[in-house]
Amino acid sequence: MFKKKGNRLSTTRVQLYATQDEFCRIFAEEENALYLLALLLTADASKAEQCFVAGLEDSIQGNRVFKEWVRSWSRRMIVRNAIQMISPAPGQVNGAPPVSDSGTVTLDLGSDLTAVLQLAPLERFVFVMSVLEGYSIQDCSIFLNCTRQYIEIAQAGALQHVALAKANRLAPIVSASDVAQAAHFLEPAPAA
């Protein structure tokens, strides 16, 4: 807090907290990453934009944050605003169309991210928060106001859905004629 100059104690204060300019700089530098986070959470382009703007406003006007926490705090504000917008709950179904079908989104999302967007809201939030953002099960439980058991079930379901979507893309597509030609290998060999 105070710097010592020689034998004298200086009253010059070291700036420990982030300024509004630092938050603006982070949101500008990481605009794509923060917007993608909002998009993955909300599964809606217009809500993602609203979430991004609200995250910036909350970061600037909210609690004082240490300089070292600016980046993580900005991401946290995006997550918090997305939770307020969507209110994910157990049993809630995904009513939004996949974002890749929307004409307003020009991002080329990979098929893995498209699979995430197709998850039910709670599963999507848990997947993004725990797998992509590194939140613990306990933190997800607190943020999403659900029991740890619901979070664990949602995480398992999300992981299974994303893995299945990936496996379906990687599985070779075999035509019916190829199956018929290969079927003779499955027949028992005639006895000699």
Side-chain angles (χ1 to χ4, degrees), residues 18 23 26-27 29-100 102 105 107 109-169:
F23 279 111
I26 289 296
F27 270 80
E29 287 175 0
E30 298 189 12
E31 179 180 3
N32 290 338
L34 293 171
Y35 175 76
L36 181 59
L37 174 60
L39 183 63
L40 287 172
L41 290 169
T42 62
D44 180 274
S46 63
K47 287 182 181 178
E49 290 174 13
Q50 293 170 9
C51 184
F52 179 88
V53 171
L56 174 59
E57 289 174 356
D58 288 349
S59 295
I60 290 173
Q61 298 169 359
N63 296 334
R64 293 175 63 176
V65 177
F66 289 119
K67 283 184 175 193
E68 295 83 23
W69 297 356
V70 170
R71 195 168 260 102
S72 63
W73 189 260
S74 299
R75 298 183 80 74
R76 184 182 190 97
M77 291 299 99
I78 298 289
V79 170
R80 194 187 87 191
N81 280 295
I83 290 170
Q84 289 174 348
M85 283 182 181
I86 305 300
S87 301
Q92 188 179 18
V93 294
N94 190 5
V99 176
S100 59
S102 172
V105 178
L107 293 173
L109 297 175
S111 50
D112 291 338
L113 296 181
T114 302
V116 172
L117 293 172
Q118 294 170 348
L119 293 169
L122 183 65
E123 287 181 346
R124 188 175 63 248
F125 271 80
V126 171
F127 182 85
V128 172
M129 290 172 68
S130 66
V131 176
L132 302 181
E133 291 295 308
Y135 284 69
S136 68
I137 296 294
Q138 181 66 29
D139 287 343
C140 290
S141 173
I142 292 167
F143 268 84
L144 296 168
N145 198 25
C146 292
T147 65
R148 287 177 56 96
Q149 183 179 9
Y150 275 127
I151 299 299
E152 289 168 348
I153 291 168
Q155 185 185 50
L159 289 169
Q160 184 178 18
H161 176 85
V162 171
L164 185 59
K166 187 169 190 140
N168 286 340
R169 280 189 321 278

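When a residue number appears, it is its place in the shown sequence, counting from 1.
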Contacts of type side-chain hydrogen bond (donor to acceptor under 3.5 Å, both in side chains), residue [X], not counting sequence neighbours:
X    : value
S141 : none
E31  : none
Q50  : none

Which value, rounded to the nearest 0.5 Å, describes the distance between [X] atom [atom1] and [Y] atom [atom2]?
X    : Y    : atom1 : atom2 : value
R80  : L41  : CZ    : CG    : 13.5 Å
D58  : M77  : CG    : CE    : 6.5 Å
E123 : I151 : CD    : CD1   : 11.0 Å
I26  : L56  : CD1   : CG    : 11.5 Å
W69  : S59  : CH2   : OG    : 14.0 Å
L39  : L34  : CG    : CG    : 12.5 Å

For [X] against [Y], the heavy-atom pair lying closest together:
X    : Y    : value
S130 : Q155 : OG-NE2, 3.0 Å
F125 : A82  : CZ-O, 3.6 Å
A48  : A38  : O-CB, 3.6 Å

Check whether any side-chain heavy atom of [X] lies under 4.5 Å from a side-chain heavy atom of [Y], and answer yes or no.
X    : Y    : value
C146 : P90  : yes
L122 : L144 : yes
F23  : V65  : yes
I78  : C51  : yes

Test side-chain contact (heavy atoms from CB on, under 4.5 Å) applied to [X] - qualifying residues, sequence neighbours left out:
X    : value
A54  : N81
E152 : I137, R148
V53  : E57
R76  : W73, Y135, F143

| task | Decide yes or no on side-chain hydrogen bond (donor to acceptor under 3.5 Å, both in side chains) for D44 and S46, but give the supporting numbers first. | result | CA-CA 6 Å; D44 180 274; S46 63; 2.7 Å; yes

| Going by the salt bridge (Lys or Arg N to Asp or Glu O under 4.0 Å) test, which pairs reach into residues 127-144, not counting sequence neighbours? | R75-E133

| said: Applying salt bridge (Lys or Arg N to Asp or Glu O under 4.0 Å) as the test, list every pair that has at least one member in residues 59-68; sequence neighbours left out. | reply: E22-K67

| query | When you look at CD of E29, are more than 12 heavy atoms from neighbouring residues, nucleotides or ligands closer to it than 6.0 Å? | reply |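 Correct, the count exceeds 12.
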
| request: Take Y35 and E49, measure what side-chain contact (heavy atoms from CB on, under 4.5 Å) needs, and give me the verdict at the end. | output: CA-CA 7 Å; Y35 175 76; E49 290 174 13; 3.8 Å; yes

| query | Does R124 reach the main-chain N or O of V116 with its side chain, forming a donor-acceptor pair under 3.5 Å? | reply | no

| task | Sequence neighbours left out, what pairs pass ring pair (Phe, Tyr, Trp, His ring centres under 6.0 Å) with at least one residue falling in residues 42-64? | result |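 Matches after skipping sequence neighbours: F27-F52.
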
